[in-house]
Structure formats: structure tokens, C-alpha cells
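Worksheet: the structure to be examined is printed underneath.
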Amino acid sequence: MSHFICTTCGVQYPESQKEPAECLICNEERQYVNPSGQEWTTLEAMQQSGLYVNEILQEEDGLFSITTKPSFAIGQTAYLIQNEGFNVLWDCITYLDEKTIEEIRRLGGIQAIALSHPHYYSTQVEWAETFNAPIYIHEDDREWVVRPSDNIIFWSGESFELARGITLHRLGGHFKGGAVLHWESGNQHKGVLLTGDIIQVVADRRWVSFMYSYPNLIPLPAEKVREMADHVKDLSFNRIYNAFHRVVAERADEAVQKSADRYIKALEGTLFTT
Ligand SMILES: [Zn+2]
Ligand SMILES: [Zn+2]
């Protein structure tokens, strides 16, 4: 019996004798099935291969990124936030080994795990069981949880205070339950928003974007983008981290508003003529 992992999205399935027939997350227009066919691995096989290490880097006071090298599946970064003795893991990665566990324990362990959306569910249950932490997922994404666990807590509504100074906000868009994390004391108390793929930091770091599907380039409706930008309007933040080491280092709040305006103009045909 094994917990199989899809090698394209990195999401782990419940224990089974045989490989699952297909991956629910990848058989959908916000992801894709590897053109060479569906493939599976296991965490044990990844550990035994000796191929992977997790790199833990301090990004700023109280914030560490955790990234697997070489890149595996989608290749996202998870973040560990140290907030008044309560550590939160924001989003998750598939690879986990003893060295990572030791390093994270040295940083104070993990008291809660929160996810932006299903593409980063990875081996969240392994992490939760290892660090004895609850996992917070918005209830609107319940159908995408392929490995159920008693550790998972589904939150509802538009926002949820995880700990003092750490609040999850449901913006939807990319996924119905798509959430961002607002960390009030981050960036020397100017505030940080960790956004996963929900608000995406683009190549030009003064701007962000919003998409239904990133790999298949499907945009979101103007109305939805306006709603997402409006939701974060009253939050105090100056910096955004996405899931791929892209950062809007300052005036990120303004970047979200002007990017939403530009996006809507593009959709409405008033931004340019080509
Ligand atoms: Zn998959
Ligand atoms: Zn995504």
C-alpha cells in the first residue's frame, strides 16, 4: 500500500494498492496532464532517490521560504511565518525529509498550516501529522481535497483570523475558495500579503495579475477582478510574496489596485488597439 503522488501537480492521494486511475487536480482546465502521460511517485521513492533537498531561506525578519531543489512538479515555495511564538506554514510542498523536519523544529515548528488553493495541497497531510498541526482550507475548495484527514479544518465566510495578526481572506478567482494570508506585523509592521496564485506577481515587479488558469491562459471576468481588488483595499500591507519567489517589495497595495484597473481595461478593449 502506498500514498501515490502525481508528478505533475505534486498532490498526494490516500493509501492504495494500485496507482490511481487519474489525477483529479490535473484533469481540469486549471492544470494539465503531462503530455507524455500520467505518472506517479511516492514520498518514500523521492527520499530514497537522494535527488532532492529542501532549501530554507530567510526572506525577512520572521519569514522563511522552503523550496525543493531541483524543482519538483509545479515547483512552488512554501513559507514559514514566525508570529509571536505561533508559526504558520503558508502553502505546502511535496518533498519532506528528516533534515527539513529538524530545521523547521529549530525555527519553532509549525502550529498551523494554511493553503491558498488546491494546486499546493501537495503532501499537506504528511506535514500536518509530522508537526501535529491543523490544516486550514476554505470550505469552497472541499471537493479538491483528494487525501482527507482529521487534521483538516474547513473555514467559511470571507475572512478568518488564524492567530493574532494573521488573517486568511477568501478572494476566490483562480479557485472558488482561493485565499490569501495577511500578516500584519510583516515587513517591519508595514504588512505583508502572501498570495499563492490568487494574486499573481508578474515579470514586472510593480504589477500583479489574476487568472482562472495560468498554464492554459484563461482570464477572470472583470467583475471578479474588481471584487478581489476591493476585498484587499482595506488591508494594510506594503509587500506581496507569490509562490515562486516573486515579490512586490513595496507599495504592493497600490500595485494591486492599478493592476486590477489595467486588467479590466484590457478585457474591455480600452487599454490598447492591436
Ligand atoms: Zn496531478
Ligand atoms: Zn494554481
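We count ligands from 1, going down the list as the structure has it; atoms in each ligand are counted the same way. What you see is a predicted model, and the numbers here were worked out from it, not measured in a lab.
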> What about the rings of W183 and F237, do their centers lie closer together than 6.0 Å?
Replying inline: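 Ring centroids of W183 and F237 are no less than 6.0 Å from each other.
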Of all N, O or S atoms in [X], identify the one at the shortest distance from the Zn ion (ligand 2).
X	answer
H119	ND1
D197	OD2
H174	NE2

> Does R147 pair with E15 as a salt bridge, N-O distance under 4.0 Å?
Replying inline: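 Not counted as a salt bridge, because no side-chain N and carboxylate O are separated by less than 4.0 Å.
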>> Looking at K265 and E268, is any side-chain nitrogen of the basic one under 4.0 Å from a carboxylate oxygen of the acidic one?
In response: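 Looking at K265 together with E268, the answer is no, because their closest N to O distance does not fall below 4.0 Å.
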>> Looking at every heavy atom in both R246 and V202, which two are closest together, and how far apart are they?
In response: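 Shortest heavy-atom contact: NH1-C, 3.3 Å.
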>> Rounded to the nearest 10°, what angle sits at the Zn ion (ligand 1) between SG of C23 and SG of C9?
In response: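 Reported to 10°, the angle equals 100°.
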